[in-house]
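What follows is a set of notes on a single structure, which appears directly below.
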Amino acid sequence: MSRPRQDPDLVRPYVRTGGRTRPSTDVRLESVVFAATGTHPQLHADGRRLLALFAGARGGGLSVAEIASALALPPSTTRILVADLIGLGLMTLAQGHDDERPPASLIERVLHGLRAHA
């Protein structure tokens, strides 16, 4: 038997993303992002929750997979929300070489492990 979702407001993913199914920026599960300083007056609740994760990160970055797990959101929804915050200038995408990235299959296994222990 699976656990019920921990999302207290039970908002459907397509509502969170305004019906969009793809991020506006190439944001992958293994992408590492950093929170910029500042805020946006019309920032939605999910954006505030996402940025709040960085309060304890001490200037470090988080992968999109880590963010999805921490917020108990589908990875596809998280990718779109992160891309939105990048577009608003509230997050930056870590720049690196493709050969430095771990394989996507490894990140997916980590994400599944994190969810299993949450």
Side-chain angles (χ1 to χ4, degrees):
M1 185 169 176
S2 65
R3 294 183 338 192
R5 288 206 37 115
Q6 296 178 353
D7 188 3
D9 54 3
L10 298 173
V11 176
R12 298 257 185 215
Y14 64 86
V15 173
R16 293 179 187 276
T17 64
R20 292 170 292 141
T21 59
R22 288 186 170 46
S24 57
T25 304
D26 184 24
V27 177
R28 301 175 186 187
L29 284 178
E30 68 270 17
S31 297
V32 175
V33 292
F34 297 87
T37 57
T39 186
H40 191 273
Q42 298 169 340
L43 190 60
H44 49 77
D46 288 320
R48 289 191 302 270
R49 285 180 51 214
L50 199 155
L51 290 175
L53 292 175
F54 289 86
R58 298 184 184 213
L62 294 172
S63 72
V64 175
E66 290 173 306
I67 294 168
S69 178
L71 297 179
L73 290 173
S76 58
T77 301
T78 306
R79 291 176 58 220
I80 294 168
L81 295 174
V82 166
D84 289 349
L85 292 175
I86 290 171
L88 291 172
L90 297 175
M91 298 191 85
T92 57
L93 190 59
Q95 300 298 318
H97 301 288
D98 287 336
D99 57 345
E100 294 177 3
R101 293 182 182 175
S105 60
L106 173 64
I107 299 299
E108 288 174 3
R109 288 194 317 254
V110 169
L111 178 62
H112 292 298
L114 288 169
R115 285 189 174 156
H117 290 92

Original post:
Between L88 and L43, does a side chain to side chain contact (heavy atoms under 4.5 Å, CB included) hold up when you go through it step by step?
Top reply: CA-CA 9 Å; L88 291 172; L43 190 60; 4.3 Å; yes
**OP:** Please step through side chain to side chain contact (heavy atoms under 4.5 Å, CB included) for the pair D84 and D46, ending with a clear verdict.
**Re:** CA-CA 11 Å; D84 289 349; D46 288 320; over 6 Å; no
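Taking both residues in full, the closest heavy atoms of A36 and G89 are given as CB-O, 3.6 Å, listed atom of the first, atom of the second, then distance. Here the closest non-hydrogen pair linking L73 and R115 is O-NH2, 2.8 Å.
With a 4.5 Å cut-off on side-chain heavy atoms, L81 and H44 count as touching. Under the 4.5 Å side-chain criterion, counting only non-hydrogen atoms from C-beta, T78 is not in contact with L71. The side-chain heavy atoms of L51 and M91, taken from C-beta on, include a pair separated by under 4.5 Å.
Taking OG of S63 as the reference point, atom CZ of R28 lies at 14.0 Å (rounded to 0.5 Å). The OG atom of S105 sits 11.5 Å away from atom CG of L29, with the distance rounded to the nearest 0.5 Å. Note that OG of S69 is 11.0 Å distant from CG of L62, once rounded to the nearest 0.5 Å.
V32 pairs by the side chain to side chain contact (heavy atoms under 4.5 Å, CB included) definition with F34, A94, not counting sequence neighbours.
Under the side-chain contact (heavy atoms from CB on, under 4.5 Å) rule, S31 has a single partner from I86, I67, I107, V64, which is V64.
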